[in-house]
Protein chains: 2
Amino acid sequence: MSANLDQVTQALRESVLAGDYEPGTALREVAVASVLGVSRTLARLAMGALEREGLLTHAPNRGFRVRLFTVDEIADAIEVRGELEALAARQAAERGLSGKLSKRLGEILDDARDIMEREAFNEIEGRIRWIELNAAFHAAIVEGAGNTPLVSAIGHVCRIPMAGPKAIVFNTTLADHGLAQVRAAHEDHEQILDAIQNRQGTRAAALIREHAYRSSRHKRQNFEDMERARSTPVPPGLALIRRPDVA
Amino acid sequence: MSANLDQVTQALRESVLAGDYEPGTALREVAVASVLGVSRTLARLAMGALEREGLLTHAPNRGFRVRLFTVDEIADAIEVRGELEALAARQAAERGLSGKLSKRLGEILDDARDIMEREAFNEIEGRIRWIELNAAFHAAIVEGAGNTPLVSAIGHVCRIPMAGPKAIVFNTTLADHGLAQVRAAHEDHEQILDAIQNRQGTRAAALIREHAYRSSRHKRQNFEDMERARSTPVPPGLALIRRPDVA
DNA sequence: TTGTGAAAATTTGCATGCAATCCAGGAGGT
DNA sequence: ACCTCCTGGATTGCATGCAAATTTTCACAA
């Protein structure tokens, strides 16, 4: 049963993020290896990778344990991401977007507007598509800065659970399934792009900072609402989309 | 010859940063392993670790190569670090420094002032000690924010060569060995601490941002001066201190 | 019952070995 | 001469095995 390291790492990452392992308990090499269907060596390599991503901790001779993330920690991570994206927006504005990127950003926003206006938002597919567009927008802004270490740093913080732009919580306890929040986010996006295209670096940075802050508030609120309404059975993985933020 | 992974990783990291391997050329497993005096497995593990730190790249079935960093890339990394430290300073100011940390920061600055005033700066030991104090100051500010993801993110960017607070280039082509630059940096530190202690978050952030920017300018200038004056033989590792930024 | 200590069992850490993959150089065909 | 394909050597990727370290178990005494 030989398998590729990246695949195994991804499988283990999803498994950890899905909560298959109790936080604080050790991940035994043999157990992990047999579940993944690979050798202990490969399992160890994958755990080492996740340790460097911050999902696991490692104590010498005592193995790996899953790290525990608090809500406050996630909020902190989002604030860090907001600050980094603010830098990205500012640099993108200062250095100027390439025509290609500018066009792509416009298309992303067009598609997103389409989804919201065509009522496609009530269906799961529409919401998942919106998540993709959101992530694409944020990624494109970062790309526009042309700052490799910045890309790397943002990738780093986005690896902590729920901190990345793909981690969106749709509040199904609301009548509109969170459409109002999404509309607000979209408005932010429009203004951010406008600021960057007009070379208004400081304005772009301020807007994206506020965008991140609001998104963090919404996320926390939605979490609490969903917890409270746990009685209502919701299809898992649909209402609460908890995807890892890595491809 | 069994050795510990962390030690091996550190040894390889220093070796790579010292330029023992030509950028772009592949690191053969057997060669690396034999130089480090360990098995191929351990060498591979260490290379994997350095890959996730960004020092090496990995192509499937084609091994690891050392990444090449341009001066611009380093400048970008320092700008990212500046932005993150600005967030740290702001949060430290907003959340308030603990009495312990505040005291420690004061002592660090006292020690640093001592070194500069006592002429100890002309000796290598004094300059090395100043580097340590500088790094300690920056680390303490970050600690003061009480933001774990922020600590992690800063640690991440500081791993790229020359980007961290320990990477200081003393310009030996100047008569004062760069003392004027160090004095300026120290003044920045004093004001930054003052701002944080007085809960002036925005001021602290602005100061540290400017501090990072100036440090980046100095670093680039010093590099160019040193390159130009390469004819003058300088003791390697002393004038140009190129330590990795990890403990 | 509770505390101490040591040995057994589990588990990690690393080295070695084998199969899969990739690169260099040349034979053969066009 | 040039392109294609193949073969030999080298290199990576993963599985297995063995020694060191840790946790658990249990006997025995206070």
Side-chain angles (χ1 to χ4, degrees), chain A residues 1-17 19-68 246-247, chain B residues 1-17 19-68 159 244 246-247:
Chain A
M1 275 300 163
S2 77
N4 175 286
L5 170 58
D6 290 333
Q7 296 169 12
V8 172
T9 304
Q10 177 63 11
L12 182 59
R13 189 179 4 240
E14 287 175 3
S15 179
V16 169
L17 288 174
D20 291 353
Y21 300 91
E22 200 64 27
T25 68
L27 277 73
R28 306 295 160 69
E29 283 188 355
V30 283
V32 172
S34 82
V35 166
L36 295 175
V38 296
S39 76
R40 274 175 36 230
T41 301
L42 202 49
R44 162 191 299 272
L45 284 168
M47 290 193 287
L50 294 188
E51 184 214 354
R52 267 164 231 113
E53 287 182 8
L55 248 60
L56 304 179
T57 61
H58 173 74
N61 289 318
R62 299 185 68 189
F64 296 86
R65 293 170 183 279
V66 336
R67 267 207 55 185
L68 189 124
V246 288
Chain B
M1 274 297 166
S2 77
N4 175 286
L5 169 60
D6 290 332
Q7 295 169 12
V8 171
T9 304
Q10 177 63 11
L12 182 59
R13 187 177 8 240
E14 286 175 3
S15 179
V16 169
L17 288 175
D20 291 352
Y21 301 90
E22 200 65 27
T25 67
L27 278 72
R28 309 290 169 61
E29 283 189 355
V30 284
V32 172
S34 82
V35 167
L36 294 175
V38 296
S39 76
R40 276 174 36 227
T41 301
L42 203 48
R44 162 191 298 272
L45 284 168
M47 292 193 286
L50 294 188
E51 185 214 352
R52 281 184 194 81
E53 287 182 10
L55 249 61
L56 303 179
T57 60
H58 173 72
N61 288 319
R62 302 184 74 195
F64 296 86
R65 295 169 181 279
V66 336
R67 267 206 54 184
L68 190 124
R159 285 212 164 83
V246 287

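Within every chain, numbering begins at 1; the chains are lettered A, B, ... in the order of the sequence lines, protein sequences first and strands thereafter.
Partners of D20(A) under the side-chain contact (heavy atoms from CB on, under 4.5 Å) rule, at least two apart in sequence or in another chain, are S15(A), A18(A). Residues passing the side-chain contact (heavy atoms from CB on, under 4.5 Å) test with R44(B) are E29(B), sequence neighbours excluded. Every residue meeting the side-chain contact (heavy atoms from CB on, under 4.5 Å) condition with T9(B), not counting sequence neighbours, appears here in chain and number order: L5(B), R13(B), A46(B), A49(B), L50(B).
The residue among G63(A) and T41(A) whose nearest nucleotide of DNA chain C lies closer to the 5′ end is G63(A). Place D6(A) and R65(A) on DNA chain D by their nearest nucleotides, and D6(A) ends up nearer the 5' end.
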Donor-acceptor list for residues 55-67 of chain B side chains, cut-off 3.5 Å, not counting sequence neighbours:
| unit_1 | atom_1 | unit_2 | atom_2 | d |
| --- | --- | --- | --- | --- |
| R65(B) | NH1 | G24(B) | O | 2.5 |
| R67(B) | NH2 | E73(B) | OE2 | 2.5 |

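Applying the side-chain contact (heavy atoms from CB on, under 4.5 Å) test between V32(A) and each of V16(A), L27(A), V8(A) identifies L27(A) as the sole match.
Between the CG atom of L36(A) and the C1' atom of dA15(D) there is a distance of 15 Å, rounded to whole Å. If you take CG of L27(A) and C1' of dT10(C), they are 16 Å apart, rounded to a whole angstrom. For the pair N4(B) CG and dT12(C) P, the interatomic distance rounds to 16 Å; values are reported in whole Å. Between the CG atom of L45(A) and the P atom of dG13(D) there is a distance of 10 Å, rounded to whole Å. For the pair L5(A) CG and dA20(C) C1', the computed distance is 16 Å after rounding to whole Å. Distance L42(B) CG to dG13(D) P: 16 Å, rounded to the nearest Å. Atom CE of M47(A) is separated from atom P of dT12(C) by 7 Å (rounded to the nearest Å). The distance from atom CD of E29(B) to atom C1' of dA15(C) is 13 Å, rounded to the nearest whole Å.
The list of ring pair (Phe, Tyr, Trp, His ring centres under 6.0 Å) pairs with a residue in residues 26-46 of chain A, not counting sequence neighbours, is empty.
Taking only side-chain nitrogens and oxygens, R44(B) comes nearer than 4.0 Å to OP1 or OP2 of dG13(D).
Contact annotation for R40(A): base contact, defined as any heavy-atom pair under 4.0 Å involving a base atom.
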Distances for protein N/O vs nucleotides 21-25 of chain C N/O pairs under 3.5 angstrom?
| unit_1 | atom_1 | unit_2 | atom_2 | d |
| --- | --- | --- | --- | --- |
| dT21(C) | O3' | N61(B) | ND2 | 3.3 |
| dC23(C) | OP1 | R62(B) | NE | 2.6 |
| dC23(C) | OP1 | R62(B) | NH2 | 3.0 |

Output a table of nitrogen or oxygen pairs between the protein and nucleotides 6-9 of chain C separated by less than 3.5 Å.
none

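Here dT11(D) is the nucleotide among dA15(C), dT11(D), dG13(D) with the atom lying nearest to any side-chain atom of R28(B).
The heavy-atom pair separating A11(B) from L36(B) by the smallest distance is CB-CD2, 4.1 Å.
Heavy-atom contacts from other residues, nucleotides or ligands closer than 6.0 Å to CZ of R28(B) number 12 or fewer.
Interatomic distance, R52(B) CZ to R159(B) CZ, rounded to the nearest 0.5 Å: 12.5 Å.
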